[in-house]
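Right, one structure below, let's go through it.
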Amino acid sequence: MSRFTHRALKKVGSSPGTLVHVGERKLDKVRLSVMHYTADSLTERTIDEVEEGLDLVKEGTTTWLNIDGTHDVALMENIGRRQGIHPLTLEDVLNTTQRPKSEVFDDYLFVVLKMLRYDTDEESIASEQISLILGENILISFQEAAGDVFEPVRERIRKGKGRIRGFGCDYLTYALIDAIVDHYFVILDHVGRRLEQLEEGIDNHPDAGLLDEIHAVRRELIYLRKQVWPLRDIISLLLKEESSFFSDTTRLFIRDVYDHTIQTIDTIESFRDILSGLQDLYLSIISNRMNEVMKVLTVIATIFIPVTFIAGIYGMNFTHMPELEWRWGYPLFWIVVVAVVVGMIFFFRKKRWL
Amino acid sequence: MSRFTHRALKKVGSSPGTLVHVGERKLDKVRLSVMHYTADSLTERTIDEVEEGLDLVKEGTTTWLNIDGTHDVALMENIGRRQGIHPLTLEDVLNTTQRPKSEVFDDYLFVVLKMLRYDTDEESIASEQISLILGENILISFQEAAGDVFEPVRERIRKGKGRIRGFGCDYLTYALIDAIVDHYFVILDHVGRRLEQLEEGIDNHPDAGLLDEIHAVRRELIYLRKQVWPLRDIISLLLKEESSFFSDTTRLFIRDVYDHTIQTIDTIESFRDILSGLQDLYLSIISNRMNEVMKVLTVIATIFIPVTFIAGIYGMNFTHMPELEWRWGYPLFWIVVVAVVVGMIFFFRKKRWL
Amino acid sequence: MSRFTHRALKKVGSSPGTLVHVGERKLDKVRLSVMHYTADSLTERTIDEVEEGLDLVKEGTTTWLNIDGTHDVALMENIGRRQGIHPLTLEDVLNTTQRPKSEVFDDYLFVVLKMLRYDTDEESIASEQISLILGENILISFQEAAGDVFEPVRERIRKGKGRIRGFGCDYLTYALIDAIVDHYFVILDHVGRRLEQLEEGIDNHPDAGLLDEIHAVRRELIYLRKQVWPLRDIISLLLKEESSFFSDTTRLFIRDVYDHTIQTIDTIESFRDILSGLQDLYLSIISNRMNEVMKVLTVIATIFIPVTFIAGIYGMNFTHMPELEWRWGYPLFWIVVVAVVVGMIFFFRKKRWL
Amino acid sequence: MSRFTHRALKKVGSSPGTLVHVGERKLDKVRLSVMHYTADSLTERTIDEVEEGLDLVKEGTTTWLNIDGTHDVALMENIGRRQGIHPLTLEDVLNTTQRPKSEVFDDYLFVVLKMLRYDTDEESIASEQISLILGENILISFQEAAGDVFEPVRERIRKGKGRIRGFGCDYLTYALIDAIVDHYFVILDHVGRRLEQLEEGIDNHPDAGLLDEIHAVRRELIYLRKQVWPLRDIISLLLKEESSFFSDTTRLFIRDVYDHTIQTIDTIESFRDILSGLQDLYLSIISNRMNEVMKVLTVIATIFIPVTFIAGIYGMNFTHMPELEWRWGYPLFWIVVVAVVVGMIFFFRKKRWL
Amino acid sequence: MSRFTHRALKKVGSSPGTLVHVGERKLDKVRLSVMHYTADSLTERTIDEVEEGLDLVKEGTTTWLNIDGTHDVALMENIGRRQGIHPLTLEDVLNTTQRPKSEVFDDYLFVVLKMLRYDTDEESIASEQISLILGENILISFQEAAGDVFEPVRERIRKGKGRIRGFGCDYLTYALIDAIVDHYFVILDHVGRRLEQLEEGIDNHPDAGLLDEIHAVRRELIYLRKQVWPLRDIISLLLKEESSFFSDTTRLFIRDVYDHTIQTIDTIESFRDILSGLQDLYLSIISNRMNEVMKVLTVIATIFIPVTFIAGIYGMNFTHMPELEWRWGYPLFWIVVVAVVVGMIFFFRKKRWL
């Protein structure tokens with residue numbers, strides 16, 4: 001958890017708006033790719049200089065400039081100068097420890113989101129910061145590393161499927177946000193399965209290992225919640241925002257994303273409730289089983305203690321112990337022992353302790 | 001719980017507004033039925049083609065087109081085209097994992113609700129998604145499967161009882177929502193009875209099985225809460241909505257449904273409170289009883305330990321143990337034993353440990 | 001708790017606005033009484049037909065029609081027709097499982113409240129639904145059963161004490177609501193005394209019975225809370241309501257009732273806090289005492305275990321055990337035993353376990 | 001806690017606005033004192049008749065009429081008539097079980113506050129109700145008993161220190177409220193010290209007595225919270241209030257009191273957090289120590305049980321037990337015993353149970 | 001915690017607006033320093049008289065007057081008179097126990113913040129109150145002691161780096177607030193590391209010392225929360241504030257600080273969640289391990305108790321015990337013992353208690 005704060009510390013004390021890359025450098029070289037399309041045509045290529053992409057921007061066409069890797073400060077300044085982007089925005093793009101947020105500027109709309117993916121190797125949720133800058137006829141997206149959840153969107157653009165080619169940049173922005181939010185359900189599905197496994201585990205073999213599992217799921221939910229909660233405000237702001245970044249048509253679709261976000265939040269809250277229920281159940285079962293063990297064991301011990309005492313008496317070496325001489329002393333001893341044991345069992349049964 | 005996310009996953013990555021059926025297919029064949037009525041006349045029949053129903057729509061009459069089964073994509077597109085329904089709405093109808101919601105469009109009002117029924121065979125709450133599209137003189141309702149809670153409404157239409165035949169589509173919409181919300185009380189009644197059984201069980205035989213029962217009721221309440229909470233906003237929106245989908249008369253009735261929703265939410269919250277109280281009570285009783293057992297048993301053990309020691313002493317084989325030779329050694333032993341036992345009992349009593 | 005839902009079920013499926021009595025029938029025969037007064041004159045009588053009462057209504061006079069028993073559907077329809085009352089209102093009056101609420105109609109104001117009384121025989125809170133319909137120069141009150149908390153109000157009317165005779169129907173409405181809210185303090189006083197007894201009980205003899213008591217008070221508070229919370233909104237609505245049901249003078253008095261309601265809610269919340277504090281205290285005391293017992297007992301057991309072992313050694317029958325032959329073997333045995341016991345006590349003391 | 005409700009019961013059923021003193025009568029005789037001042041002059045005296053005070057009121061001067069003891073109904077009616085005070089206000093003054101509140105009337109402003117003092121003799125918080133009526137050029141303050149926290153204010157008036165003599169009645173009102181709120185810090189300081197003692201006690205000697213102390217502090221905090229929370233709304237209302245009771249200058253000072261109130265609320269909430277943290281810590285320490293004791297004791301017992309069994313074997317009187325005849329039988333016995341003991345200690349160490 | 005209230009007590013009873021220094025005096029002598037700059041020039045010096053600084057103020061230049069030590073009442077009055085600062089503001093500056101807040105006056109803006117630093121020697125968070133008064137062309141900052149987090153800001157001014165020299169006083173105010181908020185991340189990083197250590201400690205060696213550590217972190221978080229929560233409102237007020245203290249450019253930067261504040265609050269809340277998760281985990285692990293110990297030990301004890309009883313039987317001295325004479329009595333005894341032990345182990349295994 002202090003991985004987060006470690007990075008943020010790099011920035012402390014520096015002048016605001018100074019472009020310093022904050023975070024882990026996940027890529028060696030920045031990779032630029034551009035998709036330029038209208039309803040009829042499509043150009044898609046990897047470029048070396050950012051200008052190659054920016055020069056394509058033209059009224060009536062859509063340019064999507066995607067940048068993998070955010071540590072190239074010179075490149076950022078270049079883009080900032082060309083597109084008139086505020087230094088604070090660039091600073092936010094470079095600082096990969098941002099909280100999700102959206103900001104409306106005069107010339108562009110700025111959205112920061114967390115793209116979550118489940119890393120099956122490390123069995124943990126991997127987070128990557130996505131920054132979107134929606135300008136006139138251009139959408140610039142910044143990613144921390146190569147690899148993303150946008151492949152289906154690209155596929156739709158390539159195949160000209162759905163509305164995407166006919167609509168503009170705002171619809172593309174929506175499509176990317178939608179792809180990210182949709183992917184949250186994959187994460188939730190994973191967490192849901194872990195909860196199911198936990199529940200099954202508690203029913204079948206409630207051992208100490210489950211505690212660590214419960215704790216791990218809990219931390220995942222805390223993390224998820226921190227990433228997803230701000231989304232509600234972000235998308236709500238996009239919906240209410242009065243400038244003309246989004247057409248009315250696109251706004252309808254964004255309302256859809258909003259519903260999905262609410263559904264995500266609802267599910268996370270339900271999962272938290274279910275998890276805390278499972279933890280209570282686990283602890284109660286462990287404690288119940290423990291009590292069961294202790295009770296039976298103590299009952300056994302208690303039955304033998306008095307009869308051991310009786311045996312002890314007749315192991316004494318007093319010169320004058322009349323019972324020892326009795327003809328039926330030993331059988332009598334057994335009768336007394338059996339009587340005591342039966343009596344105690346009867347007593348325990350009556351008290352429902354057995 | 002991940003049954004829900006499994007279904008939702010089908011949609012991830014697909015183009016928004018693409019009609020893909022998401023969820024379990026509960027019916028083999030889609031079943032269309034139509035009720036067409038005015039205050040004086042009524043036609044009710046099962047139809048094969050949706051056009052048969054849509055052609056009936058006429059000013060001054062009410063047409064209720066009910067569709068059981070939502071997986072027929074072609075049919076949906078057909079309706080969408082004829083009635084001018086937005087692709088996102090159709091997508092929502094097909095996705096049976098929707099969160100309850102209501103949306104106002106220019107030409108129609110869209111409401112998604114969860115119809116809850118108690119499945120007595122599986123002893124669990126069964127949920128079915130109901131989508132209502134209220135257009136001009138027509139109400140289209142989509143159900144996941146055959147069988148619903150609307151039979152009393154149909155009966156009232158058939159018999160011309162109450163206001164229903166005289167009023168229009170908006171009143172019918174209200175009547176259906178009312179039927180669904182009314183049915184929540186049946187579910188609540190069931191949960192209430194389980195709580196009563198739990199309480200009785202805790203008083204009479206608090207054993208480990210109750211824990212599972214408590215956990216099961218808890219999950220039911222979490223589920224119910226997730227379904228019912230959004231209703232408040234939905235119906236509140238219908239009340240405030242400024243367009244003319246609802247007449248003032250109908251709005252009065254919707255205020256009534258609103259009251260019922262609030263009452264449902266109140267009851268769920270009370271049930272949660274009561275349940276967590278029962279759980280605390282159960283755990284305390286178990287723990288109290290356990291302590292009681294342990295205490296008495298330990299007291300018994302402790303009384304016998306010192307006297308067993310005394311018996312052990314006189315079992316020793318030292319050559320020189322004067323007590324062993326004493327004439328009254330053995331009776332004296334018994335006197336000491338009785339004194340120790342009485343002393344300890346007295347001590348425990350005084351300390352109120354017995 | 002499912003008594004509530006049992007009743008409500010009767011209504012499920014029926015046409016809204018259909019007059020069906022929902023709830024327990026607490027009276028055999030409906031009883032009508034009327035008070036008709038101006039500042040100078042007063043008529044009070046029991047009547048057979050509701051028309052006798054309604055005919056008295058006249059500008060400048062106040063008519064209070066009180067109806068004990070709400071199961072007479074014909075009577076209700078009669079009143080509804082004469083006074084222009086909406087069917088939904090009549091339905092709400094008949095359904096004695098309503099949540100407290102207030103509604104403003106064009107011609108009248110409708111308030112549903114719960115009158116709470118402490119039933120000293122059954123030692124539980126008895127609830128009765130009171131519906132008030134404030135029309136022009138008339139106040140109609142519906143009660144489930146005979147017997148109410150309005151006697152002091154009637155007395156004030158009879159004796160012409162206070163402002164009541166001089167003011168109109170709105171002041172009477174206020175006076176009745178005030179009487180009901182005032183009576184909540186009697187209930188709170190009772191709960192407060194139970195809390196005091198609980199606290200005393202925990203200090204003096206914390207035994208298992210207190211758990212049931214704590215649970216019972218908890219359920220009472222959950223119940224009270226559910227009845228009192230809605231009041232805040234109800235009375236707040238009466239204060240803000242813009243139509244002319246209440247004169248400015250009366251509104252000042254309603255502000256007073258509002259204060260009392262807030263005070264009631266505050267007290268209930270404090271009681272909940274105190275109760276949960278008491279429960280924690282109780283459980284901690286029980287657990288502390290238990291630990292105390294176990295500790296001392298285990299210490300006793302542990303001291304005797306090693307010395308019993310020593311005694312066991314010299315009870316062995318080995319042919320060659322030099323100690324047995326020693327002259328001072330037996331006294332030495334005692335010295336060792338005392339040394340061990342003293343050593344252990346010293347050790348326990350040092351570790352502060354004793 | 002039901003002391004509060006006992007008093008309030010006196011009022012139940014009486015006509016609203018009827019002047020009945022509700023609460024404990026803390027003084028035998030009502031005591032009236034008056035301070036009349038301008039920037040230059042000051043008259044201060046104890047008076048017999050309230051008219052002596054009211055006659056002093058004059059434009060440009062400030063009259064502070066302080067009344068200790070609120071049970072003199074005739075006096076109250078007298079003041080009410082002379083100053084045009086609403087009967088409900090007088091009723092609130094007489095009812096010393098009021099919740100803190102402020103109300104704006106046409107001719108005066110009415111504020112009810114709780115003056116809290118720490119009673120060092122009874123070691124509990126003593127509460128006294130202060131009612132302030134701010135009229136034109138006059139401030140009437142009602143106290144339940146003699147003795148208050150206003151002495152520093154009086155001293156400032158007498159010495160003409162600060163702004164107080166130059167400003168009017170509104171500033172005086174502020175000064176009194178400020179004195180009361182300031183005194184809350186004395187109470188908080190006291191509670192803070194109790195928390196410190198608790199923390200120290202938990203570190204050094206966590207015994208059962210601390211539980212009672214924790215419970216006592218908890219109840220104090222619940223009580224404080226109930227008194228201080230309403231203050232926020234009260235003072236916020238004074239700030240927003242649009243009539244001319246407060247000059248802009250005084251309003252600046254009231255903003256200051258508002259800050260203090262927020263600070264008080266913050267501190268109470270922090271104290272609650274800290275207290276519940278301390279309670280958890282205390283219970284965990286007790287339980288940890290208990291476990292520690294039980295563990296070591298059980299280990300000791302468990303080591304001796306097997307060796308006692310071995311000793312028991314050779315205490316048996318079988319005719320044919322070859323070991324008994326062995327030359328080195330007894331030393332061998334000791335070797336086995338030591339081996340078992342060492343083995344078990346080693347095993348416990350390895351498992352980290354010791 | 002009552003250190004806070006101790007100081008505040010000094011003020012109780014004094015006239016509002018009276019300048020009394022409340023708090024610990026952290027410096028012997030007040031130290032005044034001034035930075036006076038335009039885009040091109042910079043003067044920085046330590047001064048003796050405050051007038052030297054105030055005389056520098058000129059249109060188009062920026063003067064930053066920094067005062068270390070707030071106990072010099074005469075100096076404060078001097079500044080107040082010269083700059084037209086309200087006595088209440090000066091009082092707030094002197095009272096170093098203020099809650100963070102911001103207030104807009106006609107001539108100046110007043111902000112109180114807490115500068116937090118981690119004191120590595122005492123291993124605790126050290127808090128210092130910073131008051132900022134932003135007037136026309138001047139910013140006066142008050143600190144309790146020498147040493148602050150502003151050095152990077154001064155460095156930027158000296159080197160003319162970034163925007164700071166070109167912009168005015170409002171940007172400087174922002175820069176100082178930003179420096180303070182940035183430093184909160186250092187504190188959070190520290191707390192985050194403590195949480196990591198805690199987590200590691202719980203995994204590796206969960207002993208009683210961790211409880212104190214958990215409690216300490218909890219108190220730190222309560223403290224942090226109390227300091228940081230008010231910031232949200234403060235900065236939100238600066239953003240909304242309508243007067244002209246901040247230029248639109250600076251306001252953009254303040255929006256950035258706002259984001260950081262929200263991020264800080266989010267992180268604190270996450271830390272609280274994680275901490276309470278860790279506490280639950282710790283207690284569960286301790287309790288699980290304890291149960292494990294008790295279980296195995298009790299099993300051992302229980303196995304030996306019956307066989308010790310059997311050994312006791314044959315230690316008895318009855319004259320007539322046929323078994324003692326049997327040729328194979330002793331081997332038989334051993335067979336019985338082994339059978340009992342094996343049987344019990346088998347039974348425990350089957351019940352999964354071992």
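All chains are named by letter (A, B, ...) in the order of the sequence lines, taking the proteins before the strands, and each is independently numbered beginning at 1.
Residue contact with chain D, scored on non-hydrogen atoms closer than 4.5 Å, is absent for Trp328(E). Neither the backbone nor the side chain of Ile310(D) comes within less than 4.5 Å of any heavy atom in chain E. For a residue to count as touching a neighbouring chain, one of its non-hydrogen atoms must lie under 4.5 Å from one of that chain's; by this rule Phe150(D) does not touch chain E. When heavy atoms are compared at a cutoff of 4.5 Å, Arg327(E) approaches chain D by way of both its backbone and its side chain. Proximity to chain D is absent for every atom of Tyr223(E), based on heavy atoms less than 4.5 angstrom apart.
For chain E, the option among Met321(D), Glu151(D), Glu155(D) with the highest count of heavy-atom pairs below 4.5 Å is Met321(D). Heavy-atom pairs under 4.5 Å with chain D peak, among Arg225(E), Met294(E), His86(E), at His86(E). The greatest number of non-hydrogen atom pairs below 4.5 Å with chain E, out of Val181(D), Leu252(D), Thr308(D), is found for Leu252(D). Heavy-atom pairs under 4.5 Å with chain E peak, among Leu278(D), Asp266(D), Ile262(D), Val149(D), at Asp266(D). Contact count against chain E (heavy-atom pairs under 4.5 Å) is highest for Asn317(D) among Ile305(D), Thr319(D), Asn317(D).
Separation of the Phe318(D) and Tyr314(E) ring centroids falls under the 6.0 Å cut-off.
For the pair Arg117(D) and Tyr184(D), the cation-pi test (distance below 6.0 Å, angle within 45°) is failed.
A donor atom on one side chain and an acceptor atom on the other are not found under 3.5 Å apart for Glu220(D) and His190(D).
Between Phe167(D) and Tyr171(D), the ring planes are perpendicular. Angles over 60° get that label, and only those under 30° would be called parallel. Relative orientation of the Tyr330(E) and Phe333(E) rings is parallel, given thresholds of 30° and 60° on the angle between their planes.
A donor-acceptor distance shorter than 3.5 angstrom exists from the side chain of Gln129(E) to the backbone of Asn95(E), with no hydrogens or angles considered.
Atom CG of residue Leu238(D) and atom CZ of residue Arg251(D) lie 9.0 Å apart, to the nearest 0.5 angstrom.
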